[in-house]
Amino acid sequence: MKPRRRVGVLISGRGSNMMALVEAARAPDYPAEIVCVASNRPAAAGLAWAHEQGIAAHAVDHKAYATREAFEEALHAVLEGQGVEMVACAGFMRLMTPGFVARWAGRMINIHPSLLPLYPGLHTHARAIADGVRIAGCTVHYVVAEMDAGPIIAQGAVPVIDGDTPDSLADRILHLEHVIYPRALALVASGTARLENERVNILSDVNQSGRLISPDVGGSS
Ligand code: GRF
């Protein structure tokens, strides 16, 4: 069996996506292992959870550093110290400098709660509801210098239902995030998803039959 890719996860808060990655990586045939979790917020609930699981859990408090570069240097040292080969951002709420992004170019991925390129940035669920879109979702993508941009690895979609609030839509999407992030990381770690000329190629047969119609009423075909 191929050696598993050593992955470090960056979080800032509750860490439910990180937990989904850790749980998935418990399978012996999963192509990646989560070797450390780092948070810029020492009190992040996800950091305590990771520690309880016996995973190296590092607080790198951005407030303890005079500059963004100094903070990133410390974060980089943690990742290097753990022999991390790939970084998965999971609710990591710090903007990254182009220098840090360049160091991990092609080796750093992120999950975002919208169907990118729609709704980069914050308040994605409220913006989707305000626009009246019928389908929303989440995206796993490579990290590039521009925020919430970068080659798309995987997306998942859910219906937006009349009466949805930002919270109810966020819940529905979050469940799907927990499904697609482990899948996307596996695709990348196994080499099935390859970054070539700023696009992601999937070197595998894909099921072409999936579809989501929203609102799914009144149709028979
Ligand atoms: C998720 O919705 C993720 O897509 C976004 O921030 C949220 C983090 O949630 N980037 P969690 O910390 O993984 O629970």
Side-chain angles (χ1 to χ4, degrees), residues 7-26 32 34-53 55 57-62 75 86-96 100-101 104 108-130 133 135-161 164-188 200:
V7 173
V9 184
L10 303 185
I11 64 168
S12 296
R14 73 188 158 185
S16 69
N17 277 290
M18 173 274 293
M19 293 173 194
L21 295 178
V22 168
E23 300 293 353
R26 293 195 207 281
I34 310 303
V35 295
C36 74
V37 174
S39 171
N40 64 305
R41 294 214 179 95
L47 204 56
W49 183 89
H51 179 70
E52 281 161 21
Q53 306 300 308
I55 298 167
H58 295 265
V60 184
D61 185 353
H62 64 276
L75 190 58
M86 265 191 66
V87 174
C89 302
F92 182 65
M93 300 302 283
R94 297 301 291 168
L95 288 176
M96 292 170 176
F100 185 81
V101 172
W104 291 97
M108 180 155 63
I109 64 177
N110 180 48
I111 186 153
H112 181 76
S114 79
L115 291 171
L116 290 172
L118 269 181
Y119 312 126
L122 297 175
H123 310 301
T124 53
H125 311 104
R127 287 153 69 199
I129 290 170
V133 298
I135 292 176
C138 44
T139 302
V140 181
H141 63 95
Y142 281 97
V143 175
V144 296
E146 186 186 341
M147 189 185 63
D148 299 330
I152 291 171
I153 302 158
Q155 294 185 303
V158 296
V160 181
I161 294 167
D164 258 337
T165 63
D167 283 349
S168 66
L169 181 57
D171 269 4
R172 193 174 307 121
I173 292 176
L174 191 63
H175 279 104
L176 195 54
E177 292 184 39
H178 298 161
V179 175
I180 72 159
Y181 208 3
R183 286 201 198 188
L185 177 60
L187 287 176
V188 171
V200 177

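When a ligand or atom number is given, it counts from 1 through the structure's own listing order.
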Inset, instruction - Fit a plane to each ring of His178 and His175, take the angle between them on a 0 to 90° scale, and name the class: parallel (under 30°), tilted (30 to 60°) or perpendicular (over 60°). - result: perpendicular
Please answer whether the main-chain N or O of [Y] pairs with a side-chain N or O of [X] as donor and acceptor at a distance below 3.5 Å.
X      : Y      : value
Thr165 : Ser168 : yes
Arg172 : Gly137 : no
Thr139 : Ser114 : yes

Taking both backbone and side-chain atoms of [X], is any N or O found less than 3.5 Å from an N or O belonging to ligand 1?
X      : result
Leu174 : no
Ser16  : yes
Gly13  : no

Legend entry - Nearest-contact summary for atom 8 (C) of ligand 1 - protein heavy atom, Å: Gly91 CA, 3.6 Å
Legend entry - Beyond-backbone contact of Ile11 with Phe92, side-chain heavy atoms, under 4.5 angstrom: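 They are not in contact (no side-chain heavy atoms under 4.5 Å apart), so the answer is no.
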Legend entry - Close approach, Ile111 and ligand 1, non-hydrogen under 4.0 angstrom: yes
Inset, instruction - Work out whether the distance between some heavy atom of Pro113 and some atom of ligand 1 is less than 4.0 Å. - result: yes
Legend entry - Candidate pair Ile153 and Leu185, rule side-chain contact (heavy atoms from CB on, under 4.5 Å), full reasoning: CA-CA 9 Å; Ile153 302 158; Leu185 177 60; over 6 Å; no
Inset, instruction - Below 4.0 angstrom from a heavy atom of Gly15, which ligand 1 atoms are there? Numbered from 1 as shown, please. - result: 11 (P), 12 (O), 13 (O), 14 (O)
Inset, instruction - Only heavy atoms count here, so choose which of His178, Glu177, Arg14 is nearest to atom 2 (O) of ligand 1. - result: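 That would be Glu177.
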